[in-house]
J.: 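Okay, handing you the structure first.
Just so we're on the same page: letters track the sequence lines, and every chain starts at 1.
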Protein chains: 2
Amino acid sequence: MSRSDAQANRAKILVVAEEVFGAGGEGASTEEVARRAGVGIATVFRHYPTKAALLEAVLTERFTRLAGRAKAEAGAQDPGRAFFDFFAYMVADSASKIAIAEALAEAGGALDGPAAVASRELHDTVGVLLAQAQAAGAVRTDVDLPEVYALLIGASRAAYAGVGPEVRDRSLKIIFDGLATRP
Amino acid sequence: MSRSDAQANRAKILVVAEEVFGAGGEGASTEEVARRAGVGIATVFRHYPTKAALLEAVLTERFTRLAGRAKAEAGAQDPGRAFFDFFAYMVADSASKIAIAEALAEAGGALDGPAAVASRELHDTVGVLLAQAQAAGAVRTDVDLPEVYALLIGASRAAYAGVGPEVRDRSLKIIFDGLATRP
DNA sequence: GTATTTTCGGAGTGACCACTCCGTTTCGAG
DNA sequence: CTCGAAACGGAGTGGTCACTCCGAAAATAC
């Protein structure tokens with residue numbers, strides 16, 4: 001059993017790290033995380049032995065949360081709406097999370113460990129949403145998961161740039177029009 | 001008049017820097033550039049006084065080249081085709097050029113100096129291509145330059161990720177379908 | 001061919017950052 | 001309250017990287 005103050009610190013570090021890496025990308029420093037969490041540097045490294053481990057913990061947390069949200073949508077009564085809603089949600093959510101978008105971009109390749117598992121889970125759940133939306137006639141049946149996922153990644157990364165919410169939404173609308181079945 | 005060997009080095013450094021930053025992003029080291037160019041570090045810094053200056057030179061060069069290509073397309077007999085061709089060309093071209101895509105993403109905001117001028121020129125020329133394509137009836141008239149440019153940036157950044165050419169082309173096709181006028 | 005001047009190379013320098021060591025503090029069981 | 005164990009903070013360490021200094025080398029002028 002670990003001490004309760006240690007558990008609290010561990011949790012706080014995770015939360016702060018998500019903010020810090022979200023704002024500054026992978027380049028943000030561990031000291032910044034420690035400072036903003038109100039702990040010493042050593043405490044961060046005690047809980048997460050390397051910077052990579054900390055980043056992995058952040059990503060795992062985030063992928064898992066997104067996958068959970070996607071799964072919840074997967075039960076919806078309107079699969080078309082569910083698909084497009086989740087797409088828009090994830091893009092908007094990534095707007096302040098560079099690290100996530102960066103990691104997503106890498107995810108095809110090099111990730112390993114728990115984060116890779118969580119990433120795959122997210123990927124697969126988006127696949128389910130897509131299949132359901134296609135079955136319901138809301139999304140063209142001649143598009144496949146790889147290109148849809150690529151669009152999702154691209155829109156997420158673009159969303160981080162100086163692009164405001166209005167432009168982001170208009171961009172999404174164009175993508176959605178490209179994905180939707182023709183009336 | 002500068003010595004001819006110095007001019008040759010200066011040019012070679014620019015070319016190599018484009019490769020190195022293209023492959024490794026802004027994080028790539030100046031020493032790497034020097035090594036691959038076959039010159040000493042001091043030589044790089046003599047020609048480009050800071051790393052930022054070197055990066056700016058690379059970006060300026062690249063933006064100017066892209067803008068030139070866009071301008072050439074602007075005279076084409078089929079403006080719709082010209083617009084979509086240039087869009088696809090730029091995305092494919094960015095696939096091996098992270099630094100460019102990153103800089104494009106920033107371009108709304110913080111760039112300054114010659115690179116900013118070149119970036120704006122590219123932006124404006126894309127605007128011309130868009131307007132011509134719309135006038136020719138190839139692109140929906142209810143889309144505007146900001147969202148089109150956002151899509152261009154997003155697609156360029158996504159293209160760098162592990163996404164292969166086939167998936168990239170299928171993603172582009174979806175975007176193009178969203179941009180095209182309905183039959 | 002020699003003198004002069006430009007350019008070169010690479011060993012330094014200082015700042016930054018991931019990560020470690022250890023004396024001190026704090027928790028919680030008895 | 002007391003005491004041992006668990007956890008903490010922050011000064012230190014090694015490595016990396018942007019950038020500088022200066023003696024050596026090479027190019028043009030004559």
J.: What's the separation between atom CD1 in Ile174(A) and atom CG in Asp177(B), rounded to the nearest 0.5 Å?
T.: 12.5 Å
J.: What pairs with Gln134(B) under side chain to side chain donor-acceptor pair (under 3.5 Å), at least two apart in sequence or on another chain?
T.: none
J.: How close or far is atom P of dT20(D) from atom NZ of Lys51(B), stated in whole angstroms?
T.: 15 Å
J.: What is the distance, rounded to the nearest whole Å, between atom OH of Tyr48(B) and atom C1' of dA18(D)?
T.: 17 Å
J.: Distance check, rounded to the nearest 0.5 Å: Glu56(A) atom CD versus Phe63(A) atom CZ?
T.: 10.0 Å
J.: Would you please confirm or rule out a distance under 4.0 Å between OP1 or OP2 of dC8(C) and any side-chain N or O of His47(B)?
T.: yes
J.: Phe21(A): which residues meet the ring pair (Phe, Tyr, Trp, His ring centres under 6.0 Å) condition with it, sequence neighbours left out?
T.: none
J.: Report the distance from atom CZ of Arg35(A) to atom C1' of dC16(C), rounded to the nearest whole Å.
T.: 14 Å
J.: Give one of base, sugar-phosphate or nothing for Ala53(A), where a contact means two heavy atoms less than 4.0 Å apart.
T.: nothing
J.: Look at Thr30(A) and dA18(C) and indicate whether a side-chain polar atom (N or O) is within less than 4.0 Å of OP1 or OP2.
T.: yes
J.: Of all the nucleotides listed (dT20(C), dA11(C), dC8(D)), which has the minimum atom distance to the side chain of Ala6(A)?
T.: dC8(D)
J.: Roughly, in whole Å, what's the span from CD1 in Ile41(A) to C1' in dC17(C)?
T.: 9 Å
J.: Just report the end-to-end axis angle for the helix from dG1(C)-dC30(D) to dG30(C)-dC1(D), five pairs per end, to 10 degrees.
T.: 20°
J.: Hey, is CZ on Arg81(A) packed in by over 12 heavy atoms from elsewhere, all under 6.0 Å?
T.: no
J.: Where along residues 8-24 of chain A does a heavy atom come under 4.0 Å from DNA chain C, residue by residue in number order?
T.: none
J.: Check which hydrophobic residues are tied to Val163(B) through side-chain heavy-atom contacts below 4.5 Å, counting indirect links as well, and list them.
T.: Val167(B)
J.: Starting from P on dG10(D), measure out to CZ on Phe45(A) and report it in whole angstrom.
T.: 15 Å
J.: Please confirm whether Arg69(A) makes a cation-pi placement over Tyr89(A), using NZ or CZ under 6.0 Å from the six-membered ring centre and within 45° of the ring normal.
T.: yes
J.: Are Asp124(A) and Arg120(A) within salt-bridge range, i.e. N to O under 4.0 Å?
T.: no
J.: Report, one pair per line, the protein and nucleotides 22-30 of chain D atoms (nitrogen or oxygen only) whose separation is under 3.5 Å.
T.:
residue: dT28(D); atom: OP1; partner: Ser4(B); partner atom: OG; Å: 3.3

J.: Which atom pair, heavy atoms only, marks the closest approach of Val148(B) to Phe83(B)?
T.: CG1-CZ, 3.8 Å
J.: Look only at the side chain of Thr60(B) and the backbone of Ala115(B), and say whether a donor-acceptor pair between them is shorter than 3.5 Å.
T.: yes
J.: Kindly point out which of dC8(C), dC17(D), dA18(C) is positioned nearest to the side chain of Glu31(B)?
T.: dC17(D)
J.: Does Glu147(B) use its side chain to pair, donor to acceptor, with the backbone of Asp144(B) at less than 3.5 Å?
T.: yes
J.: Quick one: which of dG9(D), dC19(C), dA7(D) gets closest to the side chain of Thr43(A)?
T.: dG9(D)
